[in-house]
Protein chains: 2
Amino acid sequence: MGEVREMSNSTTSLRLADVAEAAGVSLATASRSLRGLTGVSDEVAARVRKVAEDMGYVVNTHAQSLAGGATSIAGLIVHQIDDPYFTEIAAGVVHAAEERGLIVQVAHSGRDPQRELRQLRSLAAQRARAIIVAGSGYVDAHLEAEARRLLATYERNGGRAAVIGRHQLGVDALLPDNRGAALAVARHLVELGHTDVTILSGPETLTTVQDRLGGAVQVFAEEGVRHHVVATDFTAAGAGPAAVQALQAWPETTAVLALNDSMAIATLVALRRSGISVPGDVSVAGFDDVAVAELLFPSLTTARLPLAEMGREALDLATRPAASRPRRKTVAAQLMRRESTAPPRSDGPLRVRTASAS
Amino acid sequence: MGEVREMSNSTTSLRLADVAEAAGVSLATASRSLRGLTGVSDEVAARVRKVAEDMGYVVNTHAQSLAGGATSIAGLIVHQIDDPYFTEIAAGVVHAAEERGLIVQVAHSGRDPQRELRQLRSLAAQRARAIIVAGSGYVDAHLEAEARRLLATYERNGGRAAVIGRHQLGVDALLPDNRGAALAVARHLVELGHTDVTILSGPETLTTVQDRLGGAVQVFAEEGVRHHVVATDFTAAGAGPAAVQALQAWPETTAVLALNDSMAIATLVALRRSGISVPGDVSVAGFDDVAVAELLFPSLTTARLPLAEMGREALDLATRPAASRPRRKTVAAQLMRRESTAPPRSDGPLRVRTASAS
DNA sequence: GTGAAAGCGCTAACAA
DNA sequence: TTGTTAGCGCTTTCAC
């Protein structure tokens, strides 16, 4: 007699066994048919497929994976899901994943190392076929150690990982040349004749911040450019007010260099709203070249990183067999000279209107 | 005697049994300890956790899920992953998911109904706990039928689904008031005194396009405003050139109404580059109020939809038990009057410079 | 070409 | 408090 669950309208899904029974074949034959393997007559295979289709059967990937197969999941961990830097990388990853029949799980760490570890564990627990970690690492080697260990175990168990912008994780890495980018942007400002630059920086616990800041400061020091460093949270949120405040504190500023585009854009907008002209009164430059950078008015001078291609390439690395030792590829940045930078005013630096002070 | 796999340096992960053995307890005790269930002495539980930690054990969620548990996966299907409309929704979903300990799988359909079905099947196959489908549906009821059927099966098997902007799917729905949004924006243009409007539209196979277009056309017809409809692909890519071309074809145009912000922004930029002033020569308005809309110069007049909140709310719906019949909630749009719209030139409509013709 | 049966790693009765 | 054991739904030998 039939199954206990026959006629059940409960919460249980159809199993392959149900399909097999309905098609009058064995479990093995049903499995082979549905996966298009050889060793089944075309006739039988077609019938099984039709029955499955008609019944609305959907395979259970967990059973599938447990029984031996690999999953088709790629994991992506980003710092902040709503930051264009990461959405553009994510788009690249998702597109590349799709071409390989992988589906992408997106997790975000909010720049919290502990949460990042949790996400990593979760992806490992799901036996994701590939894991990509994007975004700056932490200067504190201690914080990186546990992630490194997790990834090592993960790869030892057959997983593959690639990182974007993380140096210490012991897996294939795509490394944006943050220092080189900073050199290029800083030199650009120097060449324009700027002599007083405010740098909008982020937490120096992040390697990206260190690299970019280091490069910029080096150039300014060498060239005798006076500069102030203002620490913010590395996001758009705090950058606008910070920029306006900095211009009040150091009215001799002729240019603002934000260490990422989100902050640069926030600065652009904040200055506009304060009646400060860019680049007339003050020049503004950023890093990354997110998509909107060139759409703004004035369009943003920035050091371009090919974000979507980086995402694509990271997935590429992570779906290729591991090399004998981790691959490391440096990604060059390209200076995009646009409208937001120009020579400083010939009649001296801007004096911020005190009217806009709080 | 030990296990065959002991000392193995192969590709096989540690199993719970390995941990149990190492800790000198049974499988059940190990399982209980690791999941923090009661019925284990604190001492034993702590020891097991430590052993697992030291060994680098990571649970296999597939085995876990097969054995009875629910997954902690939420699926999100969007049309286009790199469109800000969807990234903002995605951010809302991811944040809300995180609060519930869910991880989000993002799939994108590229506005291809077939691919959407594949993604839906994949999510169902993974026994995702919740599925969210975001983005316009298809006017052709036939195309919606299969998705509807899949979702019905999925929910019958214990899954939960919610959709954003899809009317026909038979599950909980968040429905942006696209028609109302169009009425508001169109009326705004009428009130400003515009008499000749070019509408940048999308494929009329999409319900969102139909709703927005219908609303706008109704207002213009009622108010005696002349209007042309230009069909594009509903993305930024085609909108810029289309807008410029339209202004050449219909030089009496005093305002461009794009049916989404991506197109409106592309229009803004294209006009600027063609030397056409906004709103001086031509007004521009859009739909959605993506984050950059207010950062542009001129800032964009648009009908605001609370995208991130919609994502959050959709996940909310999809993690709540199903109601006896699908919930439907209309989301109101709010007109954001900004700088890109103004009364038409008093000295008559713009005559496009023929110099910018190809 | 097809079928029977042994796992995959875990959870959840049920026993002790 | 702890242990034993029967599945969960599938893939995959190994027989036939």
Side-chain angles (χ1 to χ4, degrees), chain A residues 3-5 8 10-48 51-52 55-72 124-127 157-158, chain B residues 3-5 8 10-49 51-52 55-72 122 124-127 157-158:
Chain A
E3 298 264 334
V4 172
R5 81 169 77 190
S8 156
S10 84
T11 201
T12 320
S13 314
L14 289 166
R15 299 156 307 159
L16 183 55
D18 300 324
V19 174
E21 188 186 6
V25 298
S26 74
L27 208 51
T29 300
S31 173
R32 291 192 266 254
S33 303
L34 257 30
R35 287 181 305 149
L37 300 184
T38 58
V40 189
S41 69
D42 292 355
E43 185 195 9
V44 171
R47 188 177 73 230
V48 172
V51 169
M55 298 175 80
Y57 169 74
V58 182
V59 68
N60 182 328
T61 54
H62 297 109
Q64 212 164 28
S65 141
L66 230 206
T71 65
S72 50
Q126 293 183 68
R127 303 303 190 257
N157 293 334
Chain B
E3 297 265 335
V4 172
R5 82 170 77 191
S8 157
S10 83
T11 201
T12 321
S13 313
L14 289 165
R15 298 156 308 160
L16 184 55
D18 301 323
V19 174
E21 190 187 5
V25 299
S26 73
L27 208 51
T29 299
S31 173
R32 291 193 267 255
S33 302
L34 258 28
R35 286 181 304 150
L37 300 185
T38 58
V40 189
S41 70
D42 293 354
E43 186 195 9
V44 172
R47 187 176 74 231
V48 173
R49 275 196 294 268
V51 169
M55 299 174 80
Y57 169 74
V58 183
V59 69
N60 183 327
T61 54
H62 297 111
Q64 211 164 30
S65 141
L66 231 206
T71 65
S72 50
S122 158
Q126 293 183 69
R127 304 304 191 257
N157 293 333

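The figures that follow rest on heavy atoms only: side chains count, while hydrogens, waters and symmetry mates do not. Since we're looking at a predicted model, the values are computed, not measured. Chain A is the first sequence line, chain B the second, and so forth, proteins listed ahead of strands; every chain is numbered from 1.
Side-chain contact between B/N60 and B/R15 is absent, with no heavy-atom pair separated by less than 4.5 Å. Side-chain contact between A/L16 and A/L27 is present, with at least one heavy-atom pair separated by less than 4.5 Å. For the pair B/V48/B/V25, a side-chain contact is recorded, criterion being any heavy-atom separation below 4.5 Å from C-beta on.
The separation between A/Q64 atom CD and D/dC10 atom C1' is 7 Å, rounded to whole Å. Going from atom CG of B/L37 over to atom C1' of C/dC10 covers 13 Å, rounded to whole Å. Per the geometry, CG belonging to B/N60 stands 18 Å off P belonging to C/dG7, to the nearest Å. One atom, CG of B/D42, and another, C1' of D/dT2, lie 15 Å apart when rounded to the nearest Å. Distance, A/L34 CG to D/dT11 P: 8 Å, rounded to whole Å. The NE2-C1' distance, from A/H62 to C/dC10, rounds to 12 Å in whole Å. Between A/E21 atom CD and D/dG9 atom P the separation is 14 Å, expressed in whole Å. Rounded to a whole Å, the CG atom of A/D18 is 13 Å from the C1' atom of D/dC10.
In this structure, of C/dC10, D/dT11, C/dA12, it is D/dT11 that holds the atom nearest to the side chain of A/L27. Which of C/dG3, C/dT11, D/dG9 sits closest to the side chain of A/A28 comes down to C/dG3. Of all nucleotides listed (D/dG9, D/dT2, C/dC10), D/dT2 comes nearest to the side chain of B/T29. The listed nucleotides are C/dC10, C/dC8, D/dC10; the one nearest the side chain of A/L66 is C/dC8. Ranking D/dT2, C/dT2, C/dG9 by closeness to the A/V44 side chain, first place goes to C/dT2. Considering only the side chain of A/L16, D/dC10 comes nearest among D/dC10, C/dT2, D/dG3.
A close approach under 4.0 Å does not occur between any side-chain nitrogen or oxygen of A/R127 and OP1 or OP2 of C/dC8. Checking the phosphate oxygens (OP1, OP2) of C/dG3, a side-chain nitrogen or oxygen of A/S26 falls inside 4.0 Å. For A/S41 and C/dG1, the shortest distance from a side-chain N or O to OP1 or OP2 is not below 4.0 Å. Regarding contacts with the backbone of D/dC10, every side-chain N or O of A/T61 stays at 4.0 angstrom or more from both OP1 and OP2.
Taking both residues in full, the closest heavy atoms of B/A52 and B/V19 are given as CB-CG1, 3.9 Å, listed atom of the first, atom of the second, then distance. Considering all non-hydrogen atoms of both residues, B/Y57 and B/L34 come closest at CE2-CD2, 3.7 Å.
Residue-level contact check: B/G68 touches neither bases nor backbone, having no heavy atom under 4.0 Å from any strand. Across all strands, B/R35 comes closer than 4.0 Å only to sugar-phosphate atoms, never to a base (heavy-atom distances).
The backbone N or O of A/T71 sits nowhere less than 3.5 Å from a side-chain atom of A/S65 that would complete a donor-acceptor pair.
One can find a donor-acceptor pair under 3.5 Å joining the base of C/dG3 and the side-chain atoms of A/R32.
Mapped onto DNA chain D by nearest heavy atom, B/T38 and B/S65 fall at different nucleotides, with B/T38 at the one closer to the 5' end.
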